[in-house]
There are 2 protein chains.
Amino acid sequence: MKRKITLKQIARELDVSISTVSKALRNSAEISEDTKQKVQAFAKLYNYKPNNIALSLKNRKTNTIGIIIPEIVHHFFSKVISGVETVANKRGYNVIIGLSNESFSKEVINMEMLANGSIDGFILSISKETLQLQDYHHFNETMSQGMPIVMFDRVVPDINCDKIIVDDFNGAKKAVAKLIKNGCETIAILTTKDYVSVGKLRTQGYLEALQENDITPEANLILKLDDTLDYEVHLDALETEIEQLFKLNPSVDGVFAVNELYALTAMKVARKLGLEIPKDIQVIGFTDGVLSKHATPSLTTVSQHAQQMGEKAAHLLIDKLESENEDEEEVYQTLVIETELIERESTK
Amino acid sequence: MKRKITLKQIARELDVSISTVSKALRNSAEISEDTKQKVQAFAKLYNYKPNNIALSLKNRKTNTIGIIIPEIVHHFFSKVISGVETVANKRGYNVIIGLSNESFSKEVINMEMLANGSIDGFILSISKETLQLQDYHHFNETMSQGMPIVMFDRVVPDINCDKIIVDDFNGAKKAVAKLIKNGCETIAILTTKDYVSVGKLRTQGYLEALQENDITPEANLILKLDDTLDYEVHLDALETEIEQLFKLNPSVDGVFAVNELYALTAMKVARKLGLEIPKDIQVIGFTDGVLSKHATPSLTTVSQHAQQMGEKAAHLLIDKLESENEDEEEVYQTLVIETELIERESTK
DNA sequence: GGATGTCACGAAAACGTTTTCGTGTTAAAA
DNA sequence: TTTTAACACGAAAACGTTTTCGTGACATCC
């Protein structure tokens, strides 16, 4: 149960000063070869490694980035983390996570905890509650203290910072266009309430695709679901709503859903109503997660390249951290990640 | 772009000493009411928060726990993290993650990075490569430096530390017993190679259940799959192997799979061969993830209570960190999490 | 022999805290 | 008046580094 060895201890053992030890280990020219050898051998023997905390304090740099997300048990978010982690590690950074659980106060508390010196910068996706309240003071305060933020996926125009977003609009548009090209004439959309920016954009993409193909959108084909309800718990409610949509609109032969779960549920309901997929009805989802891949029939979906988002976010943040042009005025960029339509069995 | 304010700055502004400021903020009796008020008001105005790094250095305690897992894009692991995070946050700790990607060297490097002062203790699950190599020096070294480790799920008896494990043996046994009770007479198992401890235990549970019901196990009903292959990529290979099993053993009317994916693939193959689930063949999986829940038919499965595992692991670690009975000799415990059979549509 | 330079090392400050131990001032007790 | 005690505060050390600057011992040069 020996504690980790420190410079001070090495110095005492070898009867030199702390400075000498430090310099010897960093191969300074100031130190004689003899002493260097001696110190380095000793350090190796006792497996000396500099204490990160002390370094952080000294350098005022922790080499750690904080990531705040609404939820981790979620394919998209965990994939983003994976991307962040890969890049961060490669560039010598650690990753510390905070979960907001879609709650405003947890988001604030978590950010405050981390902002007090624990990390150098944030990568985050805004919680639903924060989006509803539209209270963004914590982001601005953090940034005004010189801590950079990179937002991804769920972003808002009100805040001035680097952003990485998915091209939700065009992703949705491409998906719906595909349905049309495949012969669908009555296409429904399963989406979320408008305050979720991504839901809104995907809905717009849907409308645009219809318009470009001279199809008049119908209000009763647009189902805006309340996603503050926990999916997993209110699955029945979801099914009921979708079933009603199908029953009221028997001519529906195409469905575009803004997430995997809505899409899978739609397929389930369709099958229950005796419809065959993709013969009678074709379905496209959003987010390329495990569900899409392993569903039967497997789901055609819009991939957001979550891993790539994480990687780019990490690069963006670290670049900013390491440029440190305190003088040069801040210039923020918004990177758009293109989506990709992955065709599987749920479309013709 | 004002930096975070420090004690020193407050002291200078108010023309008192740093000690006075520190004491005033902590409401020390040494300081007069007047001064306290003044200092506290000023601190509040400038939103003073003590610097975590400085505190960590001073207290030799970071209030951060490190978690090393093989993969994060995985329902089980992300659920465990979620559990850890919940408890950690509640008890005033942060969580920092490291991914080993099932690689020995990444596991070692990640642990070394974190062990140098960044965290107070580890929660981890061993990577497959480490299990194969059976090289556990990094765990022992870390512990010998006084940094506690709590292992979960993938553990080895060779290492002396706190452990949280799933009752894989009994979970599997219960599942297979259920199949037998439901009338299955020829039950196949889809499992992994034996070096994965959990795969081995589940296989043993399967055998035990058969034995207790006087069924003689047959070697060709036991399919040990190579899980070093990436599931997602080698899906075809998986299907082929399972298909062969079914074809060679047409009497199979029950399948126990040691994970979700094997189970789903089995269902897919069965359907392809014209078998109805659960009428002709019943299937039970392991791990209660999204796939089981949303598959059609939904999958009966053995739930491991991943969230609970994370929570218990966090409690165990933090308890140890906060007891600090340096003197009292170490006593390690192994907690067993009971499994639960969640019945859905894939069984009668 | 004195000035200068090189070499090898140590002292000390700094990062931002907390805490122990003084210490000067004032009021109360003797 | 002198002693004592309470009060309110400051100095300094400590956590473990890195780095700047200073310095003593020698060797070199004119």
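Residue numbers start from 1 in every chain, and the chains themselves are labelled A, B, ... in the order their sequence lines are given, proteins ahead of strands.
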(message) Can you measure A:K58 atom NZ to C:dG16 atom C1' for me and round it to whole angstrom units?
(response) 12 Å
(request) State, to the nearest 10°, the angle formed by the axis through the first five base pairs of the helix from C:dG1-D:dC30 to C:dA30-D:dT1 and the axis through its last five. (result) 80°
(request) Could you tell me whether B:T35 contacts a base, only the sugar-phosphate backbone, or nothing, with contacts defined as non-hydrogen atoms closer than 4.0 Å? (result) sugar-phosphate
(request) Mind calculating the distance between CD (B:E30) and C1' (D:dG10) to the nearest angstrom? (result) 10 Å
(message) Between B:N51 (side chain only) and B:I53 (backbone N and O only), is there a donor and an acceptor less than 3.5 Å apart?
(response) yes
(message) Distance alone, cut at 3.5 Å: any donor-acceptor contact between the side chains of A:N140 and A:H138?
(response) no
(message) Without decimals, in angstroms, what is the distance between A:I18 CD1 and C:dG10 C1'?
(response) 11 Å
(request) May I have the distance from A:L7 (atom CG) to D:dC15 (atom C1'), rounded to whole angstrom? (result) 13 Å
(request) Please determine, by modelled atom types, if B:E107 and B:T130 share a side-chain donor-acceptor pair under 3.5 angstrom. (result) yes
(request) Go through the side-chain N and O atoms of A:N52 and B:S118 and say whether any donor and acceptor fall under 3.5 Å apart. (result) yes
(message) Please tell me whether B:S17 and B:T20 have a donor and an acceptor in their side chains that are separated by less than 3.5 angstrom.
(response) yes
(message) By the 4.0 Å heavy-atom rule, please label B:L55 as base, sugar-phosphate, or nothing.
(response) sugar-phosphate
(request) For B:L57 and for B:K23, locate the closest nucleotide of DNA chain C by heavy-atom distance; then report the residue assigned to the nucleotide nearer the 5' terminus. (result) B:L57
(request) Consider only side-chain N and O atoms of B:S32 and B:T35, and report whether a donor and an acceptor are under 3.5 Å apart. (result) yes
(request) Select base, sugar-phosphate, or nothing to describe what B:S22 touches, counting heavy atoms under 4.0 Å on all strands. (result) base
(request) Report yes if a side-chain nitrogen or oxygen of B:R26 is closer than 4.0 Å to either non-bridging phosphate oxygen (OP1 or OP2) of C:dT19; otherwise report no. (result) yes
(request) Nearest whole angstrom, please: distance from the P of D:dT17 to the NZ of A:K49. (result) 13 Å
(message) Check this one for me: any side-chain N or O of B:R60 less than 4.0 Å away from OP1 or OP2 of D:dA14?
(response) no
(message) Taking the nucleotide of DNA chain C with the nearest heavy atom to each, does A:E33 or A:S19 sit closer to the 5' end?
(response) A:E33
(request) Could you tell me whether the phosphate oxygens of C:dC9, OP1 or OP2, come under 4.0 Å of any side-chain nitrogen or oxygen in A:S32? (result) yes
(request) May I ask you to decide if A:Y136's main-chain N or O and A:D158's side chain share a donor-acceptor pair within less than 3.5 Å? (result) no
(request) Check the distance between C:dT18's P and B:N52's CG and give it to me in whole angstrom. (result) 11 Å
(request) Would you mind reading off the distance between A:N51 atom CG and D:dC15 atom P, rounded to a whole angstrom? (result) 12 Å
(request) Specify the separation, in whole Å, of atom CD1 of B:I10 and atom C1' of C:dT17. (result) 12 Å
(request) Quick one: label A:T6 by what it contacts on the DNA or RNA (base, sugar-phosphate, nothing), any heavy atom closer than 4.0 Å. (result) sugar-phosphate
